[in-house]
Amino acid sequence: MARLRRKACIALFLFTLFIFGTMMGLRTLKPTDGFSDLAPGLELMPFGEQSEKRSISSDVISQPQGTANAADQTKVYYDLHVFYYMWYGNPKFDNNYIHWDHVMVPHWDPKISASYPKGRHSPPEDIGSSFYPELGPYSSKDPEVLEEHMRQLRAAAIGVLVLSWYPLGTADENGEAVENLVPLVLDAAHKYEIKVAFHIQPYKGRDDRTVHENIKYIIDNFGSHAAFYRYKTSTGKSLPFFYIYDSYLTPPESWANLLTVTGAHSVRNTPYDAVFIGLLVEEGHKHDILTAGYDGIYTYFASNGFSFGSSHQNWKTIKSFCDTNNLMFVPSVGPGYIDTSIRPWNNHNTRNRVNGKYYETALQAALTVRPEIVSITSFNEWHEGTQIEKAVPKKTATRLYLDYLPHQSDLYLVLTRKWAEHFNKEKEQWLM
């Protein structure tokens with residue numbers, strides 16, 4: 001009997017050890033704490049009237065008549081949007097590296113900052129990313145790079161490229177003005193039957209009046225291009241589609257001047273009317289977005305648990321709020337998150353990819369709330385490790401980059417297409 005009890009105890013110990021190991025492995029798929037550094041002006045807490053809203057339209061499901069090579073004659077889906085960045089440069093096209101040499105951002109607490117490396121990265125061997133692109137540290141001006149990006153988007157079944165945009169002559173603090181690239185992106189996208197929407201970024205002095213001018217500029221200059229994305233509303237209108245990043249930085253009362261019918265300089269029912277999607281980070285932002293006159297909500301961040309909005313567990317609540325108030329909910333999914341190459345102190349917000357499982361978990365969470373549109377963060381935000389673009393293994397004298405092994409470099413393109421097809425089959429059932 002003593003021997004049997006000893007065997008039973010050993011078996012129980014081994015079983016307990018197995019359960020513990022499994023739970024630790026799954027931890028990467030669960031939310032942890034947030035970080036206010038990436039959401040300017042916010043202190044993140046623990047989870048815890050408009051003329052025409054844009055309700056569900058089956059026309060976002062599309063089978064294009066493609067103009068690309070015969071081998072590329074596959075569906076793309078215009079209800080699948082991906083955030084795209086054109087801020088990269090290299091010596092061949094730009095005389096120097098841009099963004100690949102990203103500065104290591106110091107922590108706001110000098111005592112903590114003192115414990116971490118400082119300075120800039122030194123491409124091409126040392127770049128501001130934990131992964132290494134298959135195309136190397138490329139320039140966004142390189143026409144061959146643009147062409148390859150469109151091929152990858154087409155392979156992933158993504159129908160809408162959401163272009164990070166700054167007004168003419170302005171740029172993010174680590175980049176240079178790239179407004180002249182917009183026509184090149186539109187032309188390249190058109191070749192592959194991909195549409196282009198705009199992701200208006202924060203800039204000095206941005207408010208409802210300057211964004212009004214931005215909208216006019218974009219529509220006047222690019223609105224007639226065949227690749228310019230227009231969303232068909234339930235009433236039959238075809239309207240431009242704008243994401244407004246960090247929309248919470250401007251008070252809802254100011255946005256209402258632009259986005260409500262009675263606003264002082266409203267775009268509603270004018271040639272510049274559009275679908276406007278605001279960023280939800282904190283829970284309270286949903287009420288601000290509604291008051292402001294936005295048409296919908298997106299969550300952007302690929303780090304599950306970073307914010308109320310990016311936490312998968314909250315999407316059902318957000319979707320319910322949107323349905324009640326005739327808003328569109330556009331959840332943002334991502335393959336993982338790691339920004340320690342540019343924020344070396346931010347390791348606690350890393351979300352491991354788990355060979356694609358993290359991405360599939362996010363996609364399933366989005367599918368569960370039956371959204372009309374899903375956005376992906378991102379195609380090529382390499383600094384934050386959210387890219388689905390092809391990456392390759394690389395080791396240098398000073399760096400060992402992460403990669404997609406044991407899978408191929410196109411792992412996340414393949415997964416995206418699989419889920420896009422599944423999403424649209426499900427949606428057909430919802431619309432019935």
Side-chain angles (χ1 to χ4, degrees), residues 38 76 80-90 93-94 97-102 121 123-124 127-166 171-172 174-176 178 181-182 184-186 188-189 192 194-199 201 243 245 300-303 332-339 341-342 351 353 356 359 362 374-392 394 401-404 408-417:
L38 302 189
V76 295
L80 194 59
H81 298 187
V82 69
F83 296 109
Y84 182 90
Y85 296 86
M86 56 177 182
W87 55 25
Y88 299 106
N90 63 23
F93 287 88
D94 308 273
Y97 285 104
I98 303 172
H99 262 275
W100 300 115
D101 64 342
H102 202 291
H121 289 279
I127 65 172
S129 172
S130 293
F131 293 85
Y132 203 86
E134 184 176 77
L135 296 174
Y138 55 76
S139 170
S140 296
K141 294 179 181 178
D142 186 342
E144 293 183 4
V145 167
L146 270 178
E147 184 85 5
E148 172 59 22
H149 282 176
M150 299 309 155
R151 281 194 290 265
Q152 291 187 31
L153 290 169
R154 182 70 181 242
I158 296 169
V160 179
L161 176 161
V162 184
L163 189 61
S164 179
W165 187 86
Y166 290 86
D172 70 284
N174 292 289
E176 297 179 2
V178 290
L181 297 185
V182 176
L184 302 180
V185 173
L186 286 162
Y192 289 85
I194 293 166
K195 304 297 182 182
V196 177
F198 288 77
H199 196 194
Q201 298 294 318
Y243 291 87
Y245 188 68
Y300 186 76
F301 298 103
S303 183
S332 302
V333 302
Y337 187 94
I338 180 167
D339 68 353
S341 66
I342 63 166
R351 299 293 182 271
R353 294 192 172 217
Y359 191 36
V374 173
S375 57
I376 299 170
T377 306
S378 63
F379 179 75
N380 63 340
E381 219 296 9
W382 288 91
H383 306 310
E384 296 181 347
T386 62
Q387 80 290 336
I388 62 170
E389 184 183 354
K390 293 180 179 181
V392 292
K394 184 164 178 79
Y401 290 91
L402 300 176
D403 54 56
Y404 304 162
Q408 300 298 313
S409 63
D410 64 349
L411 169 63
Y412 294 95
L413 308 179
V414 172
L415 288 176
T416 303
R417 170 166 287 281

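Side chains included, hydrogens not; waters and symmetry mates left out as well; all remaining heavy atoms used.
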Colleague: What I'd like to find out is whether the side chain of Tyr359 reaches to under 4.5 Å of the side chain of Ile376, using heavy atoms alone.
Modeller: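 Sidechains of Ile376 and Tyr359: in contact.
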Colleague: Is it the case that Thr386 and Ser378 place a side-chain donor and acceptor less than 3.5 Å from each other?
Modeller: yes
Colleague: Using a 4.5 Å cut-off on heavy atoms from C-beta on, say whether the side chain of Met150 contacts that of Leu161.
Modeller: yes
Colleague: What I'd like to find out is whether the side chain of Tyr97 reaches to under 4.5 Å of the side chain of Ile127, using heavy atoms alone.
Modeller: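 When only atoms from C-beta onward are counted, Ile127 and Tyr97 do not touch, as no gap falls below 4.5 Å.
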Colleague: May I ask you to test the Pro124-Tyr132 pair for a side-chain heavy-atom distance under 4.5 Å?
Modeller: yes
Colleague: Taking it one step at a time, do Tyr401 and Asp403 satisfy side-chain hydrogen bond (donor to acceptor under 3.5 Å, both in side chains)?
Modeller: CA-CA 6 Å; Tyr401 290 91; Asp403 54 56; over 6 Å; no
Colleague: Between Tyr243 and Tyr300, does the ring centroid distance fall short of 6.0 Å?
Modeller: no
Colleague: List the residues meeting side-chain hydrogen bond (donor to acceptor under 3.5 Å, both in side chains) with His121, not counting sequence neighbours, and say none if there are none.
Modeller: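 His121 satisfies side-chain hydrogen bond (donor to acceptor under 3.5 Å, both in side chains) with Asp126 once adjacent residues are dropped.
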Colleague: In terms of ring plane angle, is the pair Tyr88 and Trp100 parallel, tilted or perpendicular, where the classes change at 30° and 60°?
Modeller: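 If you compare the ring of Tyr88 with that of Trp100, the planes turn out parallel.
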Colleague: Got Asp172 and Ser164 here, is their nearest side-chain heavy-atom distance under 4.5 Å?
Modeller: no
Colleague: Could you verify whether a donor N or O on one side chain and an acceptor N or O on the other, from Tyr192 and Glu147, lie under 3.5 Å apart?
Modeller: yes
Colleague: Do Thr416 and Leu80 come close enough that some side-chain heavy atom pair is under 4.5 Å?
Modeller: yes
Colleague: Answer yes or no: is there a side-chain heavy-atom contact under 4.5 Å between Glu381 and Trp87?
Modeller: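 They are in contact (side-chain heavy atoms under 4.5 Å apart), so the answer is yes.
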Colleague: Listed by chain and number, what are the side chain to side chain contact (heavy atoms under 4.5 Å, CB included) partners of Ala157, not counting sequence neighbours?
Modeller: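 By the side chain to side chain contact (heavy atoms under 4.5 Å, CB included) rule, Ala157 matches Tyr77, Arg417, Ala420.
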Colleague: Do Tyr138 and His149 have ring centroids that are under 6.0 Å from one another?
Modeller: yes
Colleague: Could you give the distance from CG (Asn380) to OG (Ser140), rounded to the nearest 0.5 Å?
Modeller: 7.0 Å
Colleague: Check whether Asn174 reaches the backbone of His102 with its side chain - one donor and one acceptor, N or O, closer than 3.5 Å.
Modeller: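 No; zero donor-acceptor contacts below 3.5 Å.
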Colleague: For side-chain contact (heavy atoms from CB on, under 4.5 Å), just list the numbers for Tyr85 and His99, CA-CA rounded to whole Å, side-chain angles, deciding distance to a tenth of an Å, and then say yes or no.
Modeller: CA-CA 11 Å; Tyr85 296 86; His99 262 275; over 6 Å; no
Colleague: Quick one: do the His199 and Gln201 side chains pair a donor with an acceptor below 3.5 Å?
Modeller: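 Checked: His199/Gln201 side chains pair up, N/O donor to acceptor below 3.5 Å.
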Colleague: Is Leu413 close to Ile388 at the side-chain level, that is, under 4.5 Å between some pair of heavy atoms?
Modeller: yes
